[in-house]
Chemist: 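Take a look at this one; I'll ask things after.
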Amino acid sequence: MPLFIKSGTIKVSFGRLHLHAIRSCSGLIGMYLIFLSLTLLPLSEATVLRSFSPLFIPVLAFFWLKEKLNFILIPCFIIAIIGTWFLSGLDKPHLTLLSLLPIAAGIFTAFAMVSIKRMSHLASGIEIVFYFSFFGTIASLIFLVITKSPLPNTLSVWGMILVMGLLATLGQITLTRANSYVSASVLAPFYYLNAVFGALLSHFFWNEPLGVYGWIGAALVIFSGVLLALTRSKR
């Protein structure tokens, strides 16, 4: 809020409230679904399945933003999908009805990313992040009252919530800035790194072994992003 007030664009932003509402609603639904899936599924599985969202970004960007589809995106997607499947464990895939939660979260997240790109030339990153945070706070307070969920009663938990909020805010700002530089379709394969980071954290901090397939999958996902980046730099 202080950064948004300092920018001096509050009055002008009212004309973009419908776009902020679309971005916020889609992003919040995706966020709530991924939080729910994290409580019901292993971290690696939830992040891997959620990472299918990049598949929907170029399609949405093509129809809504009229972005051209770069030919290199197709092999990058294929490599990333193979890597993601490796990360989920070829020997023991966990596809169940609960697996639809992170996949649905990925679809709504993809819509939110395209919405950010739609607004990136109209609104600053601070404005976009502020309205997302504002709508998110209101919606979460409503859910808090309806569900009568107890608030944390220890300083350590509040400290973790504070750190999570700061990291999420920095992530939203950098993500919005990235969308102002390149097309949403070009950024799409890099979202597969969510699967890599989720699997690595799951392996080292929650004792969910990554295994040989997991390391191969992580390497493939990273390779797809590097391949796209190198192709863009040459062009």
Chemist: To the nearest 0.5 Å, how far apart are CD in Q172 and CZ in R177?
Modeler: 14.0 Å
Chemist: Assigning hydrophobic clusters by single linkage (Ile, Leu, Val, Met, Phe, Trp, Tyr; side-chain heavy-atom cutoff under 4.5 Å), is Y181 placed with V114?
Modeler: yes
Chemist: Taking a hydrophobic cluster as the set of Ile, Leu, Val, Met, Phe, Trp and Tyr residues connected by side-chain heavy atoms closer than 4.5 Å, whether directly or through intermediates, do F14 and I138 fall within one such cluster?
Modeler: yes
Chemist: Is there side-chain contact between L19 and S115, with heavy atoms separated by less than 4.5 Å?
Modeler: no
Chemist: Identify the heavy atoms of F108 and S26 that sit nearest to each other, and give their distance.
Modeler: CB-O, 3.4 Å
Chemist: Which pair of heavy atoms, one from W158 and one from P152, lies closest together, and at what distance?
Modeler: NE1-O, 3.0 Å
Chemist: Between I116 and M113, does a side chain to side chain contact (heavy atoms under 4.5 Å, CB included) hold up when you go through it step by step?
Modeler: CA-CA 5 Å; I116 291 175; M113 296 304 100; 3.8 Å; yes
Chemist: Can you hop from L201 to F204 via hydrophobic side chains spaced under 4.5 Å?
Modeler: yes
Chemist: Restricting to non-hydrogen atoms, name the atom on T9 and the atom on S7 that form the minimum distance, rounded to 0.1 Å.
Modeler: OG1-OG, 3.1 Å
Chemist: Just wondering, are more than 12 heavy atoms of other shown residues or ligands nearer than 6.0 Å to CG in L155?
Modeler: no
Chemist: So if you build clusters from Ile, Leu, Val, Met, Phe, Trp, Tyr with side-chain heavy-atom gaps below 4.5 Å, do L122 and V12 land together?
Modeler: no
Chemist: Determine whether F205 and I34 fall in the same hydrophobic cluster, where Ile, Leu, Val, Met, Phe, Trp and Tyr are linked whenever their side-chain heavy atoms lie under 4.5 Å apart.
Modeler: yes
Chemist: Working to the nearest 0.5 angstrom, can you tell me the gap between F4 CZ and S133 OG?
Modeler: 11.0 Å
Chemist: Measure the spacing between OG of S37 and CG of L100 and express it to the nearest 0.5 Å.
Modeler: 11.0 Å
Chemist: Only counting residues at least two apart or in another chain, list the ones meeting ring-ring contact (aromatic ring centres under 6.0 Å, His included) with F135.
Modeler: none
Chemist: Apply side-chain hydrogen bond (donor to acceptor under 3.5 Å, both in side chains) to T39 and list each qualifying residue two or more places apart in sequence or on a separate chain.
Modeler: none
Chemist: To the nearest 0.5 Å, how far apart are CZ in F111 and SG in C25?
Modeler: 10.5 Å
Chemist: With under 30° as parallel and over 60° as perpendicular, where do the rings of F130 and F134 fit, or are they tilted in between?
Modeler: parallel
Chemist: Please check: side-chain N/O of T174 versus main-chain N/O of G171, any donor-acceptor pairing under 3.5 Å?
Modeler: yes
Chemist: Answer whether the closest heavy-atom distance between the side chains of L151 and L144 falls below 4.5 Å.
Modeler: yes
Chemist: Rounded to the nearest 0.5 Å, what separates atom CD1 in I128 from atom NZ in K117?
Modeler: 10.5 Å
Chemist: Within the structure provided, determine whether T137 and S140 are in side-chain contact (heavy-atom separation under 4.5 Å).
Modeler: no
Chemist: Do the side chains of I146 and I142 get nearer than 4.5 Å, heavy atoms only?
Modeler: yes
Chemist: Nearest heavy-atom pair of S13 and H20: which atoms, and what distance?
Modeler: O-CD2, 4.3 Å
Chemist: Atom CG of L101 and atom CG of L38: how far apart are they, to the nearest 0.5 Å?
Modeler: 10.5 Å
Chemist: Below 4.5 Å, heavy atoms only, C-beta onward: do F132 and L28 meet side chain to side chain?
Modeler: yes
Chemist: Return the set of residues passing salt bridge (charged side-chain N to carboxylate O under 4.0 Å, His left out) with R16 (not counting sequence neighbours), or none when no residue passes.
Modeler: E127
Chemist: For the residue pair Y32 and I29, establish whether any side-chain heavy-atom pair is separated by less than 4.5 Å.
Modeler: no
